[in-house]
Amino acid sequence: MDQQEKQRPSQKKEKSSPNPATRLTPGNWRRELLAGIVSFIATVYIIIVNSSILTDAGIPQEAGIIATILASAAGCFMMGLWGKAPLVIVPGMGINAMFTYTLVQGMGLTWQQALAAVMISGICFFAISMSSLVEKLRTTIPVSLQEAISVGIGLLLVLIGLHKGGVILPDQSSVIAVQSFTDPGVLVTLVTLAITCILYIRKVPGNLLLAIIGGTILAYLFGTTPSKAAMGVEGSSWSSYAEVFGQLSVKGASVTTMIVAVFSLTLVIVFENVGLINAQLKMSGRPERFKRVTQATSLSVFLSGIFGTSPTVSTVESAAGISAGGRTGWASMTTGVLFLLSLIAMPIITLVPDQAVAPILIFIGGLMMPAVRHISFEELEKGLPAFFIIAFIPLMHSIVDGIAIGFISYALFHIAVGKWREVKPLFYLISLLFVMHFVLQTM
């Protein structure tokens, strides 16, 4: 008994002692700063790519650049101050395509209305992060459907990238036609894609940024870039951004469309963040930060709508900073500072052509393909709905409709084969909401 009594104080002390990796010694300071720099180099490409996609939604290019930078910086600062983890928060690939090509071009929302949907989805995400609903949603949606959404969005990015790069064109007889490979723009796109893949495979630091720079140089050498006047770029004035900042509005939008937009955005944001955050926190040895990190991410989504960009997410490139030794929020805050400093380079960023951006979209779409290995096609009541999501998202050019068809068919097929008890009640409710979405579209 006496020996046990003596051991108790030491055990208590051991539990309360902080992780040595999170103590800010001079060596740790240098490590956190280096990790933040590495994370920035790995994610800075998003400024160019995201602003290019926002331009297709009608947001001026310069305004999109500033919005992307400010949202990224704010997200990283919140992650550092509140989440206290080395994760990087930037506008997400895939979700930005959903913003532009589904909400604006597909559902007919203006970019102002779509930004309002982003802000509201941020509020929903925050409410979910404050409760146990996050875990319930994650366990309610079958893994096969969650992975199918990633694959479907990846294929949509490939389709968008091929179109942006001029490799494919609309065609009345065959729907899609392949542009001649002798076209200079197509050559630049394909060569840049090859460079991107090689740099990434060889694990060259800043591979995507270097690929964009290389693609830009090639585009200018081949003479495939439009003039600044043709692009509507007049310098580095903030006047265009003043017309975007805080301009979100629900005025003129139908209630049904807004509900579907917010619901779909929230669903995708939750799926895209929760699993990735959980994995990255385990990688950094900080799994206890999950709740706060999720809350910081949700607040960043809320601010995205105000800043004028598509929703922010915890990016997969955070792994680069964690691998470099990042363990605390100081790494994330370092990345945030570097994002702010990138405002100085804005006049240069506006010179990047579509042929340098398109290969990055195609490549990132390819990185999302491995998720298909987690989908089992042996049981068709599970495999077919996953296939519908993968196929219909790019072919219907709508993330929302692709997800809806997959969810509805999953519930329907399980009822048809007598396995309805395997599906959770919350999933039936979500599927019913998607049915209402299609019904109301026809009215």
Side-chain angles (χ1 to χ4, degrees), residues 18-19 22 32 35-36 39 43 46 67-68 70-92 94-96 99 115-141 146 248 262-307 309-319 321-322 326-337 339 426:
N19 185 340
T22 64
E32 295 298 320
S39 292
T43 55
I46 198 67
T68 302
L70 294 182
S72 300
C76 289
F77 288 142
M78 280 191 291
M79 182 57 65
L81 294 171
W82 184 253
K84 296 184 179 178
L87 275 60
V88 177
I89 305 297
V90 296
I95 196 85
N96 52 9
F99 176 90
L115 289 176
V118 170
M119 189 192 74
I120 297 169
S121 67
I123 296 172
C124 294
F125 187 20
F126 180 73
I128 291 170
S129 71
M130 296 294 288
S131 68
S132 61
L133 192 56
V134 172
E135 200 57 38
K136 285 182 180 178
L137 271 175
R138 196 156 65 96
T139 55
T140 295
I141 312 301
Q146 293 185 40
L248 62 169
V262 171
F263 173 73
S264 304
L265 268 179
T266 304
L267 204 62
V268 174
I269 289 169
V270 169
F271 292 154
E272 194 157 339
N273 279 290
V274 173
L276 191 58
I277 288 172
N278 189 49
Q280 289 175 340
L281 287 177
K282 285 182 179 178
M283 182 181 177
S284 64
R286 307 297 303 279
E288 75 281 358
R289 307 302 306 171
F290 179 79
K291 197 168 185 67
R292 282 214 169 197
V293 166
T294 308
Q295 291 167 357
T297 307
S298 64
L299 289 173
S300 178
V301 174
F302 171 81
L303 288 178
S304 297
I306 298 173
F307 282 127
T309 181
S310 52
T312 48
V313 300
S314 173
T315 177
V316 69
E317 284 83 6
S318 296
I322 296 171
R327 294 296 179 269
T328 73
W330 288 106
S332 181
M333 291 179 70
T334 300
T335 306
V337 171
F339 267 114
L426 182 57

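Counting begins at 1 with the first residue of the sequence.
Put simply, CG on Leu426 and CG on Leu133 are 7.0 Å apart, with the number rounded to the nearest 0.5 Å. Here the straight-line distance linking atom CD1 of Ile89 with atom OG1 of Thr43 works out to 10.5 Å at 0.5 Å rounding. Considering CG of Asn273 and OG of Ser314, their distance stands at 6.0 Å, rounded to 0.5 Å. In this structure, Arg292 CZ and Leu81 CG are separated by 11.0 Å, a value rounded to the nearest 0.5 Å. Between atom OG1 of residue Thr140 and atom CD of residue Gln146 there is a gap of 9.5 Å, rounded to the nearest 0.5 Å. The structure places OG1 of Thr312 at 10.0 Å from CD1 of Ile95, a figure rounded to the nearest 0.5 Å.
Under the 4.5 Å side-chain criterion, counting only non-hydrogen atoms from C-beta, Leu265 is in contact with Pro311. Between Phe77 and Val337, the closest side-chain pair of non-hydrogen atoms falls below 4.5 Å. Using a 4.5 Å cut-off on side-chain heavy atoms (C-beta onward), Ile128 and Val270 make contact. Residues Leu70 and Phe339 form no side-chain contact, since every pair of their non-hydrogen atoms from C-beta on lies 4.5 Å or further apart. In this structure the side chain of Met78 reaches within 4.5 angstrom of the side chain of Leu303, judged on heavy atoms. Using a 4.5 Å heavy-atom threshold, the side chains of Met79 and Val293 count as touching. With a 4.5 Å cut-off on side-chain heavy atoms, Phe125 and Thr297 count as touching.
Scanning all heavy atoms of the two residues, the minimum distance from Phe290 to Thr294 falls at O-OG1, 2.8 Å. Between Cys124 and Val262 the shortest heavy-atom distance is SG-CG1, 4.0 Å. Nearest heavy atom pair, residue Ile322 against residue Arg327, reads O-NH1, 3.0 Å. Minimum heavy-atom separation, Ala85 to Ser332: O-CB, 3.7 Å. Nearest heavy atom pair, residue Leu248 against residue Ala116, reads CB-N, 3.6 Å. For Gly122 against Val301, the heavy-atom pair with the smallest separation is CA-CG1, 3.6 Å.
A donor-acceptor distance shorter than 3.5 angstrom exists from the side chain of Ser121 to the backbone of Val118, with no hydrogens or angles considered. Between the side chain of Glu32 and the backbone N or O of Gly329 there is no donor-acceptor pair closer than 3.5 Å. In this structure, the side chain of Asn96 does not engage the main chain of Pro91 through any donor-acceptor pair within 3.5 Å. Of the possible donor and acceptor atoms, one in the side chain of Ser304 sits under 3.5 Å from a partner among the backbone N and O of Ser300. The backbone N or O of Ala331 sits less than 3.5 Å from a side-chain atom of Thr335, completing a donor-acceptor pair.
A donor and an acceptor atom, one from each side chain of Gln295 and Ser129, are nowhere located under 3.5 Å apart.
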